[in-house]
Amino acid sequence: MRSVKVYEEAWPLHTPFVISRGSRSEACVVVVEIEEEGVKGTGECTPYPRYGESLASVLAQIMTLVPDLQTGLTREALQERLPAGAARNAIDCALWSLEAARQQKSLAVLLDVTLPAAVTTAQTVVIGEPEQMASSAKALYDAGARLLKVKLDDRLISERMVAIRSAVPEATLIVDANESWHSEGLAARCQLLADLKVAMLEQPLPAQDDAALSNFIHPLPICADESCHTRDGLEALKGRYEMVNIKLDKTGGLTEALALAKEAQTQGFTLMLGCMLCTSRAIGAALPLANQVRFADLDGPTWLAVDVSPALNFTTGVLHL
């Protein structure tokens, strides 16, 4: 008989995290612990309002499966019992963690994955006035970050991007609009980004407006984030996106994330690995995918005033493994 614990945590941020949907000052997560014969596995998820999730709804979803988890629910069965999303992610990752702990292996070794000694991770430049964003970008670059993810909304696009590029002429820049743009004017904005040598644009339009990207000629790769959750959505992304952003909170755990990565690459998509605001627990669960991706955006824990213990080893722009 397994013992199962489910609880929520709030982790204050050292700096407000500002994107097109608003500002956040803490990371609110749900944790699942599963213990069996003295061996414990832990999984973490971040409920996301954009997908209709709250702490209460995710906790409720998880609690419906606690009796089955206690009597041995498997990862395979879990995929059928809960839809993709944060609740399934926390459970799925706890079960993977339990299996790895039982075999006294890391997840990467368990999955026969060779990880690099260090992973370059994007560091996020949040929304602000152009001079603020430029200053933030330069501070991050000077501290060691070589890949910067610039958050934008629907205003001051050229002012912000020109200021940032001027401040960090050598940095690799990727831009995330978080669904805040419109099809009108998109071509001109894409050309601006390309002229500024931006390497990729993430989710410029609301997911329901993806049809506007069909046959849309663009001079830089476009990555699907809110438009891509599981393998089921890949077919609709063809001809619209070149890249997909895999996040365990969207896929519903590592199990589907691994399958999505394999199928996406088979269908010709390049991969990005992302995260929500989270602790090192959540990033650790995603690491088996790190060697497959063009861009890793794993800086969630670096926004926390204090991380979980033991924490992963981050320096600015680099995750040391």
Side-chain angles (χ1 to χ4, degrees), residues 9 11-15 17 27 29 31 40-46 89 93-94 96-97 99-101 103-126 136-151 168 170-174 176 199-200 202 223 243 245-249 251 253-254 257-258 261 270-321:
E9 294 176 338
W11 297 84
L13 308 186
H14 55 70
T15 307
F17 189 81
V29 305
V31 183
K40 184 170 72 174
T42 307
E44 175 185 307
C45 70
T46 302
N89 177 34
C93 289
W96 274 108
S97 174
E99 185 174 344
Q103 297 191 34
Q104 297 183 311
K105 297 177 179 178
S106 68
L107 272 178
V109 171
L110 183 68
L111 288 161
D112 195 25
V113 171
T114 301
L115 294 177
V119 175
T120 297
T121 177
Q123 292 285 160
T124 303
V125 178
V126 297
S136 174
K138 187 175 190 311
L140 288 168
Y141 187 85
D142 289 348
R146 295 296 175 262
L147 174 63
L148 299 178
K149 180 173 181 174
V150 180
K151 293 285 191 177
V168 288
E170 302 301 320
T172 299
L173 300 180
I174 56 180
D176 185 5
M200 179 270 283
E202 187 178 353
C223 177
M243 183 178 292
N245 187 349
I246 299 175
K247 296 177 181 173
L248 270 58
D249 277 312
T251 64
L254 180 60
L258 292 166
T270 309
L271 304 183
M272 178 178 181
L273 181 61
C275 67
M276 307 299 188
L277 289 172
C278 61
T279 78
S280 284
R281 283 180 302 226
I283 301 302
L287 285 179
L289 293 155
N291 66 345
Q292 302 183 51
V293 303
R294 171 69 180 88
F295 297 118
D297 176 23
L298 303 176
D299 71 339
T302 70
W303 286 86
L304 304 182
V306 180
D307 196 0
V308 71
S309 182
L312 294 172
N313 181 16
F314 286 92
T315 55
T316 307
V318 182
L319 170 54
H320 305 272
L321 302 176

Check for a donor-acceptor pair, side chain of Asp307 on one end and backbone N or O of Pro301 on the other, with a separation under 3.5 Å.
no
Tell me every residue that passes ring pair (Phe, Tyr, Trp, His ring centres under 6.0 Å) with Phe314, counting only those two or more places apart in sequence or in another chain.
none
Using the test side-chain hydrogen bond (donor to acceptor under 3.5 Å, both in side chains), find all partners of Thr121 that sit at least two apart in sequence or belong to another chain.
none
Are any side-chain N or O atoms of Ser97 and backbone N or O atoms of Thr42, one a donor and one an acceptor, separated by less than 3.5 Å?
yes
Would you say that Lys149 contacts Ile174 through its side chain, given a criterion of any heavy-atom pair below 4.5 Å between the two side chains?
yes
Output the distance between atom CG (Asn245) and atom OG1 (Thr270), rounded to the nearest 0.5 Å.
12.5 Å
Mark yes or no for whether Glu44, through its side chain, and Thr279, through its backbone, hold a donor-acceptor pair below 3.5 Å.
yes
Atom pair CZ/OG1 of Arg146 and Thr316 - distance to nearest 0.5 Å
10.0 Å
Where do Thr172 and Ala199 come nearest, in terms of heavy atoms and distance?
CG2-CB, 4.0 Å
Going by the rule side-chain hydrogen bond (donor to acceptor under 3.5 Å, both in side chains), which residues pair with His14 if we only count those two or more places apart in sequence or in a different chain?
none
Heavy atoms of Trp11 and Val306 approach each other most closely as CE3-O, 3.0 Å
Could you tell me whether the side chain of Cys275 reaches within less than 4.5 Å of the side chain of Ile283, counting heavy atoms only?
yes
According to side-chain hydrogen bond (donor to acceptor under 3.5 Å, both in side chains), who are the partners of Asn313, at least two apart in sequence or on a separate chain?
none
Between Gln123 and Gly317, is there a donor-acceptor pair closer than 3.5 Å when you use the side chain of the first and the backbone of the second?
yes
Heavy-atom side-chain contact between Leu173 and Val168 under 4.5 Å
yes
Which atoms form the tightest heavy-atom contact between Gly284 and Leu312, and what is the distance?
N-CD1, 3.9 Å
Any Leu271 side-chain heavy atom under 4.5 Å of Leu273 side chain:
no
With Glu99 via side-chain hydrogen bond (donor to acceptor under 3.5 Å, both in side chains) - residues at least two apart
Arg75
Quick one: does any side-chain atom of Thr251 pair with a main-chain N or O of Gly253 as donor and acceptor, under 3.5 Å?
yes
What pairs of donor and acceptor atoms, side-chain ones from residues 103-114 against any protein atom, are under 3.5 angstrom apart with sequence neighbours left out?
| from | atom 1 | to | atom 2 | distance (Å) |
| --- | --- | --- | --- | --- |
| Gln103 | OE1 | Lys105 | NZ | 3.4 |
| Ser106 | OG | Val109 | N | 3.1 |

Please confirm whether the backbone N or O of Thr46 pairs with a side-chain atom of Asp249, one donor and one acceptor, at under 3.5 Å?
yes
Just wondering, do Arg294 and Met200 contact through their side chains at under 4.5 Å, heavy atoms?
no
